[in-house]
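Here is the structure we will look at.
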Amino acid sequence: MAEKDVERTIEALLEERRTFDPPAEFAAQANLNDAAVYTQAEKDADAWWAAEAEHLDWFEPWETVLEWTPPHHKWFIGGKLNAAHNCLDRHLDQNGDRVAYHWIGEPGETRTITYSDLHTEVCRLANVLNDLGVRKGDRVAIYLPMIPELPAAMLACARIGAPHSVVFGGFSAESLRDRINDAECKVLITADGGYRRGQVVPLKQNADEAVAGCPSIDHVLVVKRTNEDVAWTDGRDLDYGELVAAAGADFPAHPMDAEDMLYILYTSGTTGKPKGIVHTTGGYMTGVSSTHRNIFDLKPETDVYWCAADIGWVTGHSYIVYGPLANGATSILYEGAPDFPDKDRWWSIVEEYGVTILYTAPTAIRTFMKWGTDYPGKHDLSSLRLLGTVGEPINPEAWVWYQEFIGGGKTPVVDTWWQTETGAIMITPLPGITKLKPGSGTTPYPGTFADVVDEQGNSVGRGGGGYLVLKRPAPAMFRTIFGDDQRYRDTYFAKYGNETYFPGDGAKLDEDGYFWLLGRVDDVMNVAGHRISTYEVESALVDHKGVAEAAVVGRKDPREGESIVAFVTPKASVDGNDELMRDLREHVARVIGKIARPQSIVFTDDLPKTRSGKIMRRLLRDVAEGRELGDVTTLQNAPILDEIRTKAEGLTGGDE
Ligand code: WTA
């Protein structure tokens, strides 16, 4: 984000001056309601995290809480535990009959899955995987819709100690293939298809296309979800349901070292292929269970908790699977779209199941705002006692709307900042303690040390704006990038040195020391709460036979956070017409996934470049957002900008 944008955003945000104290009744019953927790954790962060880790079941205790050799850090050294044991086995004695997931399929069928049911399914599947030769350390790819088999597959891997790599079901065959190959996965678990907005998503077809280029895959386990006919490769493809039904229901949870890898999850980077973010066991489980218990004020006996993300993203890993299950929560797992069959689907689920805690993204909230208050208004939402948001900065209007029309004007709203890399929430209110300011993530979670610094790394102090940094590792933070530790160092620690993690976000500190997150400062766009790099979309575009060169920027979008605008130079003989535009949008959807499809495409004979040939995306962003151009002194071909500007005048957006 250019400095000018930061200033403008800050100004807009600062006009929002409403504050909300924790309701007295809420504070009285909250899991954390004494602000002393902050000072204690600041004085002795290791002691705080050790106390949080004690909430887990350890097969063997740790010797050292933190070993920090910047930029690397290890937690709970010597400790042994198993994530699946913590999510399942330890609840069985007392709470085996408690519901882990109320699953709701998009077409309307439901399944009630208790902790004991899930435990049995996971053990059986672990036996199946073990029979297929999956051992500790082997990677397993998972490409499933939002069905109970998805968390079961993750936990079966965790039980064995085989890191999983979940690939979002909306990604294309090519994206799946690249991720499988990067991690050299041995087995792929997928489904025949899934349901989305009444349509069947052809997962098996994508999987077949992907696996054709994946030499490491020995077997493909296929869940029958839609029961449509799918192609079948004998010997390689296996029926999940049949094998699981025939497998034994006992499988011991493998004692894992605290630092053993739990999973890899790919996320967009500024350049190059997606990064395989590596999370380990002890620290991650400590971070997600602690934040889930304290930020969502979880009361496992009475709450019905719903994180409405997809498990294919980190939010689902941490706050649908590992955090909630470790805490013995009862969750909603909903397969489909919020507007199927109608725009009140979520609210009918909240009413029917008596949901008490709802966690979603600003993009969803803004969509609900657009649809109007009649939809939530038709339902009794009075069971809700706490709301959360994550994924991008939330504008104060949306925050206030969320609290008013979904939370009945009474619930705290926790705006939680974190990333795939941080594994767990880092900046957030504690709902029984923190005075809320709509639009602000408020303050770092206990035991987390954040600051806002300038280009040189100096603290800007209260009232200043600059770059967000984390000054000390937290246990759930990733350990490295799979197979590329140098990239870990270069991406996150080159800017301010090995002791200071730079997440790539701009931020501002207000006079009370509250953090206001301002979005990415690099070439990563935030589309509907998901990170997409300009680089990936550009690569997909130039991969099309009619394209010579392409530059992609994110343009602020009232609903999506950012929408993708592509500036494309067609090859000499190719006409930049509507047909090519349609073709390119479809091409990107095919290569990466629909989420990356450019909303607008501007054809141009040339792109603005520096004298050394670098495309100046910053100027294209100015053009896309229709504002005055920033500094053009290093521009080599200034006249092209006027031309692009004229062409871009018609950018309207909202063509979905
Ligand atoms: C952005 C999602 C403002 C931020 C959990 C971050 C946010 C990126 C917030 C990570 C928030 C996430 N306020 N911005 N509450 N939460 N972000 O890896 O730019 O998909 O760097 O993880 O989302 O996206 P990721």
Side-chain angles (χ1 to χ4, degrees), residues 1 5-6 9-10 13 166 168 170-171 264-270 274-277 279 287-288 291-292 295 307-320 322-323 359-366 387-396 398-399 402 413-429 434 436-445 450 452 467-470 476-478 481 491-492 501-508 514-533 536 554 556 560-562 595-596:
M1 190 184 287
D5 303 348
V6 175
T9 316
I10 291 171
L13 284 172
V166 177
F168 171 56
F171 276 129
I264 304 171
L265 181 61
Y266 286 85
T267 187
S268 298
T270 45
K275 300 176 289 202
I277 300 299
H279 284 293
V288 297
T291 50
H292 180 257
I295 298 165
C307 166
D310 192 289
I311 294 177
W313 309 103
V314 75
T315 305
H317 280 59
S318 298
Y319 297 108
I320 299 179
Y322 290 108
Y359 189 32
T360 185
T363 180
I365 298 165
R366 287 191 296 264
L387 301 174
T389 107
V390 58
E392 57 182 306
I394 183 164
N395 44 314
W399 192 108
Y402 190 33
V413 175
V414 289
D415 174 0
T416 64
W417 179 91
W418 59 295
Q419 308 179 292
T420 307
E421 292 87 338
T422 67
I425 296 167
M426 296 281 128
I427 297 179
T428 178
T434 313
L436 304 173
K437 300 186 186 185
S440 169
T442 74
T443 57
Y445 187 69
V452 180
Y467 303 102
L468 178 69
V469 291
L470 299 178
M477 286 180 73
F478 70 137
I481 293 173
T491 309
Y492 304 101
Y501 172 77
F502 175 52
D505 279 27
K508 132 119 200 151
Y514 275 42
F515 287 73
W516 296 74
L517 286 313
L518 302 174
R520 308 286 310 175
V521 294
D522 53 19
D523 288 326
V524 176
M525 301 170 288
N526 193 322
V527 182
H530 301 305
R531 272 159 72 182
I532 313 272
S533 79
E536 278 168 285
K556 280 205 190 60
E560 303 273 326
E562 282 183 298
I595 189 157

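Just follow the structure's listing: the first ligand is 1, and inside any ligand the first atom is 1.
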Protein residues that have a heavy atom under 4.0 Å from any atom of ligand 1, sorted by chain and number: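 Its neighbours under 4.0 Å (heavy atoms only) are Val314, Thr315, Val390, Gly391, Glu392, Pro393, Asp415, Thr416, Trp417, Trp418, Gln419, Thr420, Asp505, Leu517, Arg520, Asn526, Arg531, given by chain and number.
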Validation row, ring centre Tyr319 to ring centre Trp418 under 6.0 Å: yes
Aromatic centroids of Phe171 and Tyr266 separated by under 6.0 Å: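 Judged by ring-centre distance (under 6.0 Å), Tyr266 and Phe171 do not meet the cut-off.
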Pair Tyr359, Thr416: side-chain N/O donor-acceptor within cut-off below 3.5 Å: yes
No-hydrogen, no-angle side-chain donor-acceptor test under 3.5 Å, Ser533 and Glu536: yes
By salt bridge (Lys or Arg N to Asp or Glu O under 4.0 Å) - contacts of Asp415 (at least two apart):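 Partners of Asp415 under the salt bridge (Lys or Arg N to Asp or Glu O under 4.0 Å) test: none.
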Donor-acceptor pair, side chain of His317 and main chain of Trp313, under 3.5 angstrom: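 Yes.
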